[in-house]
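For reference, the structure discussed in these notes is given below.
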Amino acid sequence: MAQTYDHQAVEAKWQAHWEQAGLFQIKEDSTTPKYYCLEMFPYPSGRIHMGHVRVYAIGDVVARYKTMRGFHVLHPMGWDAFGLPAENAAIEKGVHPNVWTQENVAYMKQQLRRMGLSYDWEREVNTSQPDYYRWNQWIFLKMVERDLAYRKRSAVNWCPSCETVLANEQVLAQEGTDGGICWRCESVVIQKELEQWFFRITQYAQELLDGCDRLTSWPARVLAMQRHWIGRSEGVEIDFPVAVPQADLSAIRIFTTRPDTIHGATFMSLAPESPLVEQLIAGRVEANSVRKFVERVSRLDKATRTAVDREKEGVFTGAYALNPFTQEQIPIWVANFVLYEYGTGAIMAVPAHDQRDFEFAQQYHIPIRLVIQNPDATLEPHALEAAYEQQAHAGTLVNSGTFSGLSVPDGKRAIGEHVETQGLGKRTVNFRLRDWGMARQRYWGTPIPMLHCEHCGIVPVPESQLPVLLPEDVPFTGKGGSPLKESPSFAKVTCPTCGGTARRESDTMDTFVDSSWYFLRYCSPQETQQPVNPHAAKHWMAVDQYVGGIEHAVLHLLYARFLTKVLRDLGLTTVDEPFVQLLTQGMVTKETYWCEDHRWVLPSDTSKEGGQRVCGQCGKAIVTGRTEKMSKSKKNIASPEDLCDRYGADTARVFSLFAAPPEKDLEWSDTGVEGCYRFLNRIWRLVHEQLPVLQEGSASSGSEQTPLLKDLQRATHQTIQKVTGDLDRDFQFNTAIASLMEFVNQLYKLMKEYPAKELSLVERAGWKSTLESLLLLLAPFAPHLTEELWQTIGHSTSISRQPWPVFNPELVVSDEWTIPLQVNGKLRSKISVPAGSTKDHIIGSAEKDAKLVECMQGKTPRKVIYVEQKLVNFVM
RNA sequence: GCGAGAGUGGCGGAAUGGCAGACGCGCAAGACUUAGGAUCUUGUGGGUAACCGUGGGGGUUCAAGUCCCCCCUCUCGCACCA
């Protein structure tokens, strides 16, 4: 018999077999419950990496497990195939993006096949193909009809390297750089004033926020990030009359969450971009200095300007407003920290109770007036060192006219009401969430189906003319904007309304649009009348388990929730939320090696000399660097292909599930992989060594019970209980596999203890059912090996279609209980008693235990604690 | 600063308030071998011991890694949002 199993031959055999049998093709079925298991689909970059191995291994175990538990499981796969790398490849290598993408898809598909994943490939989607992206266009037109897609001119994020606009969510904060950086290429993002297409996600802000409360099976931190990103705050908008009213400007509207502090508003601040600034300064002596300030501030990118530690700066406009509550004249300033996009772009400044206003007032010597007194420690109005911002404790309004004496919450309510009844403004809600700038000035994406007509303005492409295909005749130069502008066949069209000359919109859609509804397309991938067939969506939606990376906490996962609600309102689906349960898996990391002469080095370029790792080139000592996310530049990559060649897909799957709980980072370890390979080989040998035993068994030879049978049954049923529990409770794959390892270790012991020659027929049958259970429990994790061994022991149907084993609680318990004995909570001894012993019997036996007698030194315990089947504690 | 999470052997990691360290890696010894980096067996938190051990300090409890209070460190996310 071979020492190790031929994983290459076994895996290839079963992959071919499954495919031929169409084993994983799934149809709607009303006789069993449905389950929709989905992993985030990959971008076809060229090859799969260990992160893919991990996420798809997780999803596949879930899908296979649920299938064995009796669900009919939708488990599809596809390609997030639009995106910049394809266009960059075209510029660098002269390959058309479509060719490059399709080649990558073909290669990666073959790599995924090698992992033995149970996908229904009949449902494959590819977002870069017209049969998919035409529905992006269809959805866009519907959104235009409903005013959910619109154009506006505004300051937008611009990535100079990608040469395109980015949504706010796609600009990441970066330590060390002043500006935000592009989520894709990490270039510093700048601000540009442009007219752009937007999706009105803000219309759904409240619903997106409320939905978070119902997503109880999402990780708390993802929900926290979404809630924060949406950023709801309740407050009041109030008009502050301009002291000297102008024809076109009689009042300035502000937004505040602290109306209770309005009597302390001693000045106002406007955002530098606010058009009110020009109106206020026209003809004043201050005009020049204000314009200079505004120009200087707006030259800075937003991230720099709004860095929290940045000095508060401003300039006086020369104009005054009236505080509507005190009727005082207060100066109107322009301040660098006021954001034009948030609220009304203007604030009332209350230096005593807002730290920013406080710093600003100190710098420019503006009066600070205390209007909230701290009841616990009286504040001296002239000795404030910082703003008093506390709201939670019972602050009291002072210096606030008739409102003095109210608590902060009461003051908020009363002043809010007063504002409304007096017609000074209204109570309102503000969100931090901004509309989604979703146009990209690039080629490899969905063309936005709109036209610019000389006479009619912006005109939608009629639905009957969809899809608007991406033209082939475009040059990829890498210079000067979108290649679509350069395509003669694409740009010039006839206006469907007036028949005149029109220009096609040359922007394409953000690829996040593609991935915001692909999970719906999987329900009816062949549907030709609409993005998704509503009946199919009703059957399959929502996704019961979604698996993917945490990096999408506020990008993809927010956009997908938004678009699901839009499609719901279009009548295509009935669900409010697309993903019921979410698992965000951790990164795959690995040790790094650093040589002072050769920088980061590959592990294979090092050798070990007497316990010290040295550089293969220069022989100098290697410094073991941080364990980091696998990356080419750090040279700490492990290749899935090598892994499959050397150890097989089953080993890759088992290791990536065993080495860490799914949501935590997984540190790659070559020796750990070997450990998992050993484990699978032990199973292979176990089954083959017991094969002669299995062939002669007879289950029908009576109800005879032997010590071996009891041991086999107990081990089996305990393991079924443990593995099932671990999978049902939060997918604890690592402990599930650990208990399978324990099981195998026990079976090896029993195999040695009870030689094959001496086994009775019933015992042989016991071995058979034990090994069957082992294979069934392992099948979702190591599908190829278990399929092969399932056949070896005489089955002709696929193990992946067998029902999951059920444990019998009676067979889990053992004949004996081992009871730890404690004295004052410290372990002193252990005794064995027959299972089912009474409390009195156990305590009686414990009192006779030699070690315990010694510890008690003849004294009588004050108290004896007995925990059923668990322990006895003698309190002295 | 705000929010989320984490701190347990040499390492990855286990523990419904009830035997801390399951399982794996590594290491050590032995067996089988011409040989093994294959396989099998045994051992492996620290300490000679009494005992001590889950980031630190308090507390609740017969019993605390687990619950409560205070503090420290690290990771991630957001960051002048009025």
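Because only heavy atoms are used, hydrogens play no part in the values below, and waters and symmetry mates are left out as well, while side chains stay in. In what follows, chains are A, B, ... by sequence order, proteins preceding strands, each numbered from 1.
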Original post:
To the side chain of Asp354(A), which of rA82(B), rA63(B), rU42(B) is closest?
Top reply: rA82(B)
Original post:
Heavy atoms under 4.0 Å, any strand shown: does Gln822(A) hit a base, just sugar-phosphate, or nothing?
Top reply: base
Original post:
Hey, does the side chain of Ser656(A) reach the backbone of Ala652(A) with a donor-acceptor pair shorter than 3.5 angstrom?
Top reply: yes
**OP:** Please evaluate the base of rC40(B) for a donor-acceptor partner in the side chain of Lys752(A) within a cut-off of under 3.5 Å?
**Re:** no
Original post:
Would you say the side chains of Glu311(A) and Gln363(A) form a donor-acceptor pair under 3.5 Å?
Top reply: yes
Original post:
Is Asn336(A) reaching over with its side chain to a backbone N or O of Lys312(A), donor-acceptor style, under 3.5 angstrom?
Top reply: no
Original post:
Pick the nucleotide of RNA chain B nearest each of Gly825(A) and Thr671(A); which residue has the one closer to the 5' end?
Top reply: Thr671(A)
Please tabulate, one pair per line, all N/O donor-acceptor pairs under 3.5 Å involving side-chain atoms of residues 816-832 of chain A, not counting sequence neighbours.
residue, atom, partner, partner atom, Å
Asn824(A), OD1, Met876(A), N, 2.9
Ser829(A), OG, Asp849(A), OD2, 2.6

Subject >> Glu868(A)/Lys870(A) salt bridge by N-O under 4.0 Å criterion >> reply: no
Subject >> Polar contact flag, side-chain donor to acceptor under 3.5 angstrom, Glu742(A)-Gln746(A) >> reply: no
**OP:** Give one of base, sugar-phosphate or nothing for Gly231(A), where a contact means two heavy atoms less than 4.0 Å apart.
**Re:** nothing
**OP:** Can you tell me, in whole Å, how much space there is between the P of rC52(B) and that of rA20(B)?
**Re:** 12 Å
Original post:
Across the strands shown, which category fits Arg434(A) at heavy-atom distances under 4.0 angstrom: base, sugar-phosphate, nothing?
Top reply: nothing
Original post:
Contact class for Asp357(A) (heavy atom, under 4.0 Å): base, sugar-phosphate, or nothing?
Top reply: nothing
Original post:
According to the Watson-Crick and G-U wobble definition with distances under 3.5 Å, which dot-bracket string, read 5' to 3', encodes RNA chain B, using [ ] for crossing pairs and | for pairs with another strand?
Top reply: (((((((..(((.....[....)))((((((.......))))))((....))..(((((..]....))))))))))))....
Original post:
Are Glu313(A) and Arg296(A) ion-paired here, with the side-chain N under 4.0 Å from a carboxylate O?
Top reply: yes
**OP:** Inspect the contact between Arg646(A) and Asp642(A) and indicate whether a charged nitrogen and a carboxylate oxygen are less than 4.0 angstrom apart.
**Re:** no
Subject >> Atom-pair distance (CZ on Arg653(A); C1' on rG24(B)), nearest Å >> reply: 19 Å
Subject >> Pairwise C1' distance, rG46(B) and rU41(B) [rounded to whole Å] >> reply: 26 Å
Subject >> Distance test, side-chain N/O of Lys826(A) to OP1/OP2 of rC52(B), below 4.0 Å >> reply: yes
**OP:** Salt-bridge test for Arg227(A) and Asp213(A): reply yes if a basic N is under 4.0 Å from a carboxylate O, no otherwise.
**Re:** yes
**OP:** With syn defined as a glycosidic angle within 90° of 0 and anti as everything else, classify rG9(B).
**Re:** syn
Subject >> Phosphate-side-chain proximity, Arg227(A) and rC78(B), N/O vs OP1/OP2 below 4.0 Å >> reply: no
Original post:
Can you find a side chain N or O atom of Ser669(A) that sits less than 4.0 Å from OP1 or OP2 on rG24(B)?
Top reply: no
**OP:** On the 0 to 90° scale, with breaks at 30° and 60°, tag the Phe267(A)-Phe360(A) ring pair as parallel, tilted or perpendicular.
**Re:** parallel
Expected rows: protein N/O vs nucleotides 7-16 of chain B N/O, under 3.5 Å:
residue, atom, partner, partner atom, Å
rG12(B), O2', Ala659(A), O, 2.7
rA14(B), OP1, Asn734(A), ND2, 3.0
rU16(B), O4, Lys870(A), NZ, 2.5

**OP:** Please state whether the phosphate of rU39(B), meaning OP1 or OP2, lies under 4.0 angstrom from any side-chain nitrogen or oxygen of Arg682(A).
**Re:** no
Subject >> Atom P, compared across rG57(B) and rU42(B): separation rounded to whole Å >> reply: 39 Å
Original post:
rG10(B) and rG56(B): how far apart are their P atoms, nearest whole angstrom?
Top reply: 14 Å
Subject >> Between His7(A) and Tyr677(A), a side-chain donor and acceptor under 3.5 Å >> reply: yes
**OP:** Report yes or no: is there a donor-acceptor pair, N or O only, under 3.5 Å between the side chain of Lys830(A) and the base of rC19(B)?
**Re:** yes
**OP:** Please figure out whether Phe255(A) or Val554(A) has its closest RNA chain B nucleotide nearer the 5' end.
**Re:** Val554(A)
**OP:** May I ask you to evaluate whether Asn681(A) reaches the phosphate of rA38(B), defined as a side-chain N or O under 4.0 Å from OP1 or OP2?
**Re:** no
Original post:
Heavy atoms under 4.0 Å, any strand shown: does Arg678(A) hit a base, just sugar-phosphate, or nothing?
Top reply: sugar-phosphate
Subject >> OP1 or OP2 of rA6(B) under 4.0 Å from side-chain N/O of Arg221(A) >> reply: no
Subject >> Separation of the C1' atoms in rG9(B) and rU44(B), to the nearest angstrom >> reply: 10 Å
